[in-house]
A.B. asks: 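The structure under discussion is supplied below as structure tokens; questions concerning it will follow.
Predicted model only: the values in this text are computed from it and were never measured. Order of the sequence lines fixes the chain letters, A, B, ..., with proteins taken first and strands second; residue numbering starts at 1 for each chain. The figures that follow rest on heavy atoms only: side chains count, while hydrogens, waters and symmetry mates do not.
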Number of protein chains: 2
Amino acid sequence: MTVSLKDVAERAGVSIKTVSNVVNNYRHVTPAMRARVQLAIDELGYRPNLTARHLRKGRTGIIALAVPELGNPYFAELAGSVIDVAAEHEYTVLLDHTGGRREQEVLVSQGFRARVIDGLILSPIELETEDLLGRDQDAPLVLLGEREYDLPYDHIAIDNVAAARTAVRHLLDLGRSTIAFLGARTDRVNEPSHLRLRGWRAELKAAGLPAPDSLIAPTGGWDHANGADAMNQLLDSGVTPDAVFAYNDLIAIGAMRVLSERGLRVPEDVAVVGFDDITEGRYGAVTLTTISPDKQTIARLAVRSVVNRLLGTGDPVGNGSRELRADFRLVERESTLGRRRGGH
Amino acid sequence: MTVSLKDVAERAGVSIKTVSNVVNNYRHVTPAMRARVQLAIDELGYRPNLTARHLRKGRTGIIALAVPELGNPYFAELAGSVIDVAAEHEYTVLLDHTGGRREQEVLVSQGFRARVIDGLILSPIELETEDLLGRDQDAPLVLLGEREYDLPYDHIAIDNVAAARTAVRHLLDLGRSTIAFLGARTDRVNEPSHLRLRGWRAELKAAGLPAPDSLIAPTGGWDHANGADAMNQLLDSGVTPDAVFAYNDLIAIGAMRVLSERGLRVPEDVAVVGFDDITEGRYGAVTLTTISPDKQTIARLAVRSVVNRLLGTGDPVGNGSRELRADFRLVERESTLGRRRGGH
DNA sequence: CCCAATCTGTACAACGTTATATACGTTGCG
DNA sequence: CGCAACGTATATAACGTTGTACAGATTGGG
């Protein structure tokens with residue numbers, strides 16, 4: 001059923017290796033010979049067995065991408081970009097999601113279906129530095145996102161502190177002064193690593209405003225429901241901010257729903273800024289002002305980092321870690337500016 | 001660096017095959033021997049090379065899932081489910097997206113990184129029957145979604161006609177009579193395969209109402225922007241429906257945004273029903289009534305179909321095609337019922 | 001106590017590919 | 001003309017695993 005090099009070789013009356021040479025476009029093959037072999041290949045419909053090739057070469061041509069949750073459009077969109085960029089480099093993407101659970105993240109970082117992948121792009125949530133210390137995988141690892149590690153792996157992210165400050169500044173410029181933060185981590189010890197929260201604090205301080213904990217609404221997760229819960233909790237606690245900066249767009253949108261339910265207008269009563277720039281934010285009843293990370297660049301940097309390490313090119317210091325930065329920009333929409341007259 | 005059966009065998013002072021037997025839990029291995037080998041395995045930190053195993057066994061343990069667009073939350077959520085179910089069966093998922101382009105779909109169906117995958121789950125948009133006729137892949141193929149093919153492959157979907165009729169009936173029950181359809185295909189010849197449109201027509205007819213083409217708004221794609229465009233086009237054409245049934249949730253949400261921009265209230269002026277039940281629909285200013293397909297079941301059926309054919313179990317007629325149906329239900333929310341008093 | 005049946009472990013080949021070394025022609029140059 | 005240098009194709013050995021066939025050890029029944 002399945003046709004191998006051997007079959008083609010027999011048909012063309014040459015050796016197996018010659019067929020292999022033709023398939024791999026090696027030099028030192030006469031055009032006549034090439035044509036003859038190619039004919040046999042076409043006639044038999046030969047296609048290389050990648051498993052065998054990879055066993056021999058020690059590479060599989062597959063890189064894994066592990067994100068917390070595919071249901072979060074940010075990660076789904078990012079995954080789409082990674083798949084496309086990987087394809088440009090002739091790599092295929094094996095996708096996994098960790099649910100943001102440390103246990104799963106460790107599992108993935110340690111081996112992930114051992115040795116079937118050449119490299120790994122991981123977007124961790126709960127993973128800790130020590131989880132990666134004992135890693136003896138030869139497959140290159142690239143880390144994505146907000147977390148910071150002092151480890152010899154490339155890390156790709158936007159400048160989260162600067163981005164958060166930009167968002168808060170935008171709200172300050174609009175004359176808001178009581179700016180809540182929605183979506184802080186509560187389950188981790190090293191809260192300092194929460195860069196967006198740090199940016200929120202820094203910008204408020206720079207403006208001479210207080211940044212009390214009462215304005216911080218923690219969440220257990222990062223989706224609509226968590227945003228709604230956090231907003232309710234904040235309002236129930238007696239605090240009524242005139243602006244909200246959310247950890248991500250899903251939380252922001254969940255919060256906006258609650259504001260609407262409680263009769264508060266966005267942005268007149270409460271202005272809202274999110275983070276991620278997912279498509280969803282562009283089509284609500286009130287479109288969402290948000291920080292837009294350059295997902296294309298993030299995907300490109302991540303794939304390139306893995307591929308370069310595999311090829312041994314690029315960074316001469318093969319083991320050093322690098323901080324690779326992607327751009328971001330503030331996209332101003334109705335949740336802070338209000339709806340422009342004239343409709344569409 | 002990488003430790004193989006050979007290394008373990010040398011350390012334990014046994015043959016390679018004995019180590020293999022231990023690894024694979026074969027019977028006829030004395031407990032003493034098993035312990036001795038296991039010790040060596042642990043000491044050296046041996047882990048099987050899956051590439052080699054798969055070359056030998058002819059299976060890779062990887063199934064591919066190809067969806068039109070990961071940016072569409074429906075497919076992202078479905079992909080998440082497929083990954084989970086596949087993991088239960090000890091399969092890993094390789095993910096690709098086709099952009100809904102026929103060319104890509106054909107490519108994927110024909111080989112997709114030839115021979116590296118054991119099976120394929122494909123959700124086609126533009127693919128035609130003849131594209132699959134010449135398929136000589138041995139990897140089992142399962143088709144997902146609305147399209148109908150007369151081909152020897154399992155097909156998994158909900159009853160789209162019935163679902164569409166349920167949605168339209170809901171609108172009729174609310175007293176609406178001018179019900180538009182948003183998101184018809186215009187670029188295909190065999191429009192008859194558009195089951196949701198068929199259901200819309202059938203239910204209107206059953207109610208003794210006309211189903212004129214003027215109430216059908218075609219779209220070029222299936223996202224928010226297409227829905228917004230279609231809604232604008234429909235209203236610009238002078239038609240003002242009192243209800244809209246959209247091909248999917250993204251189109252419905254895009255349409256709702258336009259309705260709001262044009263000063264039409266949902267549901268008072270125009271009631272809206274979507275299709276897919278994506279999370280996004282639960283958190284807008286007006287939550288979306290929608291048809292909710294059982295994604296879990298779809299994922300389960302799809303993976304099982306592939307796995308069963310690989311194992312040769314299940315369906316005794318190995319070549320026959322089967323129509324596997326998943327359930328759906330109508331989820332009634334504010335876009336048809338209005339917002340309940342009392343807020344949250 | 002012997003022979004057959006069973007249990008335990010081993011040697012070898014194979015999966016399909018590519019790398020290495022080599023054989024055999026051709027050229028090219030002094 | 002002779003020898004080096006090169007271009008072209010081949011045979012053989014891996015990559016790491018598992019299936020097959022078999023050898024040696026153990027057991028059981030008569």
Side-chain angles (χ1 to χ4, degrees), chain A residues 1-41 44-62 90 111 113-118 138-139, chain B residues 1-41 44-62 90 111 113-118 138-139:
Chain A
M1 202 61 191
T2 143
V3 33
S4 74
L5 282 182
K6 191 176 158 195
D7 304 317
V8 178
E10 277 172 13
R11 173 136 192 154
V14 297
S15 83
I16 293 179
K17 190 63 203 330
T18 299
V19 181
S20 171
N21 287 339
V22 170
V23 170
N24 291 287
N25 265 322
Y26 276 6
R27 46 176 193 265
H28 305 324
V29 181
T30 45
M33 176 61 82
R34 188 179 298 276
R36 185 164 126 217
V37 172
Q38 190 60 52
L39 183 67
I41 289 178
L44 294 176
Y46 165 80
R47 282 191 315 200
N49 179 325
L50 296 197
T51 305
R53 172 177 293 175
H54 296 146
L55 170 59
R56 181 62 235 228
K57 312 231 304 191
R59 296 267 165 77
T60 65
I62 298 177
E90 303 199 312
R113 309 277 168 169
R115 305 229 192 113
V116 79
I117 58 165
D118 288 345
D138 38 357
Chain B
M1 200 64 189
T2 143
V3 33
S4 73
L5 283 182
K6 192 177 158 195
D7 303 317
V8 178
E10 276 172 15
R11 173 138 194 151
V14 297
S15 82
I16 293 179
K17 190 63 207 318
T18 298
V19 181
S20 171
N21 287 338
V22 171
V23 170
N24 290 287
N25 266 321
Y26 277 5
R27 47 176 191 265
H28 304 322
V29 181
T30 45
M33 175 62 82
R34 187 179 299 277
R36 185 165 127 219
V37 171
Q38 189 61 52
L39 182 68
I41 289 178
L44 294 176
Y46 166 79
R47 282 192 315 201
N49 179 324
L50 296 196
T51 304
R53 173 178 292 175
H54 294 146
L55 170 61
R56 179 63 235 227
K57 303 187 51 153
R59 296 267 165 78
T60 65
I62 299 177
E90 304 199 308
R113 308 277 168 170
R115 307 229 191 113
V116 78
I117 59 166
D118 289 345
D138 39 357

A.B. asks: Ignoring backbone atoms, establish whether B:Thr18 has a side-chain N or O less than 4.0 Å from OP1 or OP2 of C:dG9.
C.D. replies: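 Negative; the distance criterion is not met.
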A.B. asks: D:dT8, C:dA19, D:dT10: which one has an atom nearest the side-chain heavy atoms of A:Val14?
C.D. replies: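 Comparing D:dT8, C:dA19, D:dT10 against the side chain of A:Val14, the answer is D:dT10.
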A.B. asks: C:dG9, D:dT18, D:dT10: which one has an atom nearest the side-chain heavy atoms of A:Asn21?
C.D. replies: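 Closest nucleotide among those given: D:dT10.
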A.B. asks: Could you work out which one of C:dG16, D:dA9, C:dT10 sits closest to the side chain of A:Ser4?
C.D. replies: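 When the side chain of A:Ser4 is considered, C:dG16 is the closest of C:dG16, D:dA9, C:dT10.
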A.B. asks: Between C:dC15, C:dG9, D:dT10, which one does the side chain of A:Ser15 approach most closely?
C.D. replies: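 Nearest nucleotide to the side chain: D:dT10.
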A.B. asks: Classify the side chain of A:Arg56 and the base of C:dT17 as holding, or not holding, a donor-acceptor pair under 3.5 Å.
C.D. replies: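 For A:Arg56, whose side chain was compared with the base of C:dT17, there is no donor-acceptor pair (under 3.5 Å).
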A.B. asks: Counting side-chain heavy atoms from CB outward, which of C:dG9, D:dT8, D:dT17 is closest to B:Ala52?
C.D. replies: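 Within the option list, the nearest is D:dT17.
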A.B. asks: With side chains defined as the heavy atoms from C-beta onward, is the minimum distance between B:Arg36 and B:Val14 less than 4.5 Å?
C.D. replies: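 B:Arg36 reaches B:Val14 side chain to side chain.
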A.B. asks: Rounded to whole Å, please give me the gap between CZ in A:Arg59 and C1' in C:dG16.
C.D. replies: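 My rounded result for the distance is 19 Å.
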A.B. asks: Between D:dG16 and B:Arg53, is there an OP1 or OP2 to side-chain N/O distance shorter than 4.0 Å?
C.D. replies: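 Indeed not, no polar side-chain atom of B:Arg53 lies that close.
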A.B. asks: Rounding to a whole Å, what distance do you find between B:His54:NE2 and D:dG16:P?
C.D. replies: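 Taking NE2 of B:His54 and P of D:dG16, I get 16 Å after rounding.
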A.B. asks: Describe the nucleic acid contact of A:Lys17 in one word from base, sugar-phosphate, nothing, applying a heavy-atom distance below 4.0 Å.
C.D. replies: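 Counting heavy atoms under 4.0 Å across all strands, the contact made by A:Lys17 includes a base.
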A.B. asks: Within the structure, does a side-chain N or O atom of B:Tyr26 lie under 4.0 Å from either OP1 or OP2 of C:dT10?
C.D. replies: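 No, no such contact exists.
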A.B. asks: Measure from the side-chain heavy atoms of A:Lys57 and tell me the nearest of D:dT18, C:dT17, C:dA19.
C.D. replies: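 Closest nucleotide to the A:Lys57 side chain: C:dA19.
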A.B. asks: Rounded to whole Å, please give me the gap between CG in A:Leu5 and P in C:dA19.
C.D. replies: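 Checked: the CG to P distance equals 12 Å.
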A.B. asks: Side chain of A:His28 only, heavy atoms from C-beta on: which candidate in D:dT8, C:dT18, D:dC15 is closest?
C.D. replies: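 Closest nucleotide to the A:His28 side chain: D:dT8.
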